[in-house]
Undergrad: 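So that we are looking at the same thing, I have put the structure below in structure tokens.
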There are 4 protein chains.
Amino acid sequence: MAKSVNKVILLGNVGKDPEIRVLPSGQPVANFSIATSERFKDQQGNWQDRTEWHNMTAYGKLAEIIRDYVKKGSKLYAEGRLTTRSWDDKESGKKVYRTEIVVGDISLLSGRGEEGGATSGGYSQQRSGSGYDQRSSGPDDYANTGITDDDIPF
Amino acid sequence: MAKSVNKVILLGNVGKDPEIRVLPSGQPVANFSIATSERFKDQQGNWQDRTEWHNMTAYGKLAEIIRDYVKKGSKLYAEGRLTTRSWDDKESGKKVYRTEIVVGDISLLSGRGEEGGATSGGYSQQRSGSGYDQRSSGPDDYANTGITDDDIPF
Amino acid sequence: MAKSVNKVILLGNVGKDPEIRVLPSGQPVANFSIATSERFKDQQGNWQDRTEWHNMTAYGKLAEIIRDYVKKGSKLYAEGRLTTRSWDDKESGKKVYRTEIVVGDISLLSGRGEEGGATSGGYSQQRSGSGYDQRSSGPDDYANTGITDDDIPF
Amino acid sequence: MAKSVNKVILLGNVGKDPEIRVLPSGQPVANFSIATSERFKDQQGNWQDRTEWHNMTAYGKLAEIIRDYVKKGSKLYAEGRLTTRSWDDKESGKKVYRTEIVVGDISLLSGRGEEGGATSGGYSQQRSGSGYDQRSSGPDDYANTGITDDDIPF
DNA sequence: TTTT
DNA sequence: TTTT
């Protein structure tokens with residue numbers, strides 16, 4: 001089968017401080033949201049902004065990096081892939097869906113406002129080289145390499 | 001504010017023949033889905049495939065092209081942007097969400113199986129060259145000629 | 001023919017203040033370079049950085065925006081497409097090549113160091129909506145729309 | 001420093017059968033070119049096509065896959081990163097440059113014409129799931145299993 | 001050097 | 001609901 005491609009590229013601002021959970025396996029998971037906005041002309045011909053919110057999920061080392069460096073207001077570049085989970089709502093019995101972006105790579109472009117600016121200690125984590133070992137095995141993983149932690153230079 | 005980026009790139013197969021609606025304004029809208037799949041190792045170390053389904057929406061001329069050339073089974077490259085609509089479920093009163101990709105560009109890589117293959121009359125519509133003059137100003141980065149804001153259902 | 005895709009996405013720092021020329025047609029052109037860097041392990045197992053320089057060219061209104069807002073040191077997100085020009089070197093008679101990225105969209109993430117930071121008046125220009133009229137007609141264009149300048153909200 | 005992004009996405013046709021070399025280390029390298037084309041209006045208002053040729057390089061397992069499945073005429077999706085090598089021309093003494101795309105991922109969309117079509121044995125190699133374990137740490141974001149730094153010719 |  |  002020709003391989004498929006499922007890629008998302010976002011550049012926007014983080015809505016709240018990320019929430020960190022730890023899976024039963026011990027694997028950390030970070031959840032946060034990114035806002036992107038676009039301008040459009042309304043019916044009166046006036047420019048309006050519309051904001052789109054994106055649900056982001058990161059696993060493993062990438063979750064730890066996000067926990068440590070990403071804050072409410074951070075400007076962030078993120079790459080990932082789309083995934084949609086569904087379940088039956090208990091009350092209505094209807095199937096409900098939640099689409100998330102499983103983060104594969106980020107570049108932190110600023111810290112929180114007062115700390116921030118591109119010259120502040122912006123941390124970044126690229127999906128390159130040994131970066132892949134940030135992810136654990138599992139269905140949401142991009143990778144499962146044999147790279148060990150001391151291969152990571154940060 | 002620094003401009004944001006909201007970009008999706010998909011390459012996969014179309015699940016069903018697209019559904020075409022016409023907005024009150026007369027503008028066509030195409031809805032279809034694309035499947036992407038990825039392999040991952042399960043906990044037993046066996047390779048599994050997971051399929052992800054993506055809800056696609058196209059407006060204007062791009063909707064017409066999709067109507068005319070995209071079929072169930074078509075292999076398609078598509079670019080777009082993420083958008084999430086929400087409403088209150090009538091029964092449960094809970095907010096429900098639906099995430100879609102508003103298509104900005106496609107490249108048709110095959111037709112339906114029996115017609116298909118890369119040598120069949122693959123049509124493609126690129127967001128460059130002549131493609132651009134299809135677009136008008138409007139709420140949608142990717143919307144096409146003559147769509148006015150009230151044509152857009154969100 | 002199935003349409004092709006030629007897309008570049010860069011996020012890096014601008015090496016020098018952009019150079020602005022004006023074509024005989026009156027069309028402005030901006031040339032600048034973006035550095036990206038990556039880490040890799042050398043043969044001794046030490047982490048090294050390698051910098052890649054990208055030649056960027058922008059036309060029309062986008063060139064003017066770059067002239068006005070992009071400086072040496074600016075952190076910039078840019079989308080574009082690859083193009084390679086060639087000519088015969090006068091001395092050797094050999095064909096020489098120069099690959100450039102024709103910019104279609106930018107997001108300015110910082111100004112020059114001292115002015116900069118993500119909170120400074122970062123200007124951004126997105127390749128969306130009426131943004132296309134930034135480009136002139138010509139072989140290097142992404143688009144040639146009938147949008148007039150007063151469609152542009154900035 | 002905030003991490004940079006250097007990403008290329010191409011979808012086009014392969015110009016010739018790939019050339020395969022083997023590095024002193026035993027690692028395979030594949031070189032090939034992809035053509036993309038775009039339409040533009042010339043000064044007379046007529047539509048013209050321009051073809052852009054992209055120099056592609058792949059290492060390791062990805063090179064083997066390309067050797068085995070990619071042929072002249074293949075339609076290919078490829079992701080990679082830009083890299084430019086330079087050297088001094090022996091005759092003119094001038095510095096000359098060659099820009100290449102180091103391939104990180106491909107999806108083969110067709111074989112050669114007569115074998116081909118989307119239904120032919122399209123192989124694909126995705127940079128996800130099982131694809132990742134091909135990669136080792138190393139200078140190349142996209143390099144594959146077991147490539148050591150001195151396998152990389154720049 | 002590709003492709004339609 | 002696709003595809004191999």
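First the proteins, then the strands, lettered A, B, ... as listed; each starts at 1. Just so you know, these numbers use all the heavy atoms, side chains as well, and skip hydrogens, waters and symmetry mates.
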Undergrad: Expressed as a whole number of angstroms, how long is the span from D/Ile34:CD1 to E/dT1:C1'?
TA: 12 Å

Undergrad: Tell me if the side-chain of B/Ser33 makes a donor-acceptor pair with the base of F/dT1, cut-off 3.5 Å, by modelled atom types.
TA: yes

Undergrad: Please report the distance, rounded to the nearest Å, between CD in D/Glu38 and C1' in E/dT3.
TA: 15 Å

Undergrad: How many Å lie between CG on B/Leu76 and P on F/dT1, as a whole number?
TA: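 Distance, rounded to whole Å: 20 Å.
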
Undergrad: Restricting to side-chain contact (heavy atoms from CB on, under 4.5 Å), what partner residues turn up for D/Ser92, sequence neighbours left out?
TA: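 For D/Ser92, the residues satisfying side-chain contact (heavy atoms from CB on, under 4.5 Å) (neighbours in sequence not counted) are C/Asp89, C/Glu91, C/Ser92, D/Asp89, D/Lys94.
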
Undergrad: Under 4.0 Å, counting only non-hydrogen atoms across every strand here, what does B/Thr51 touch: a base, just sugar-phosphate, or nothing?
TA: base

Undergrad: In whole angstrom, what separates B/Leu108's CG from F/dT3's P?
TA: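 Interatomic distance, CG of B/Leu108 to P of F/dT3: 14 Å.
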
Undergrad: Could you tell me how far apart D/Phe32 (CZ) and E/dT3 (P) are, to the nearest whole angstrom?
TA: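 That distance rounds to 15 Å.
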
Undergrad: Could you state the atom-to-atom distance from CG of D/Asp49 to C1' of E/dT3 in whole Å?
TA: 10 Å

Undergrad: D/Trp53 has a side chain; which of E/dT2, F/dT2, F/dT1 sits nearest to it?
TA: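 The answer is E/dT2.
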
Undergrad: In whole Å, I'd like the distance from the CD atom of D/Glu19 to the P atom of E/dT2.
TA: 14 Å

Undergrad: Can you tell me which nucleotide in F/dT1, E/dT2, F/dT2 comes closest to the side chain of B/Asn13?
TA: F/dT2

Undergrad: State whether A/Arg81 and B/Glu52 are salt-bridged, where the test is any N-O pair (Lys NZ or Arg NE/NH1/NH2 against Asp/Glu carboxylate O) under 4.0 Å.
TA: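 No, no charged N to carboxylate O under 4.0 Å.
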
Undergrad: Taking atom C1' of F/dT2 as reference, at what distance in whole Å does atom CD1 of B/Ile66 sit?
TA: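 The answer, rounded to whole Å, is 16 Å.
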
Undergrad: Which residues pass the side-chain contact (heavy atoms from CB on, under 4.5 Å) test with D/Asp68, not counting sequence neighbours?
TA: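 Expected list: none.
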
Undergrad: Any chance you could measure D/Gln27, atom CD, to D/Arg21, atom CZ, to the nearest 0.5 Å?
TA: 12.0 Å

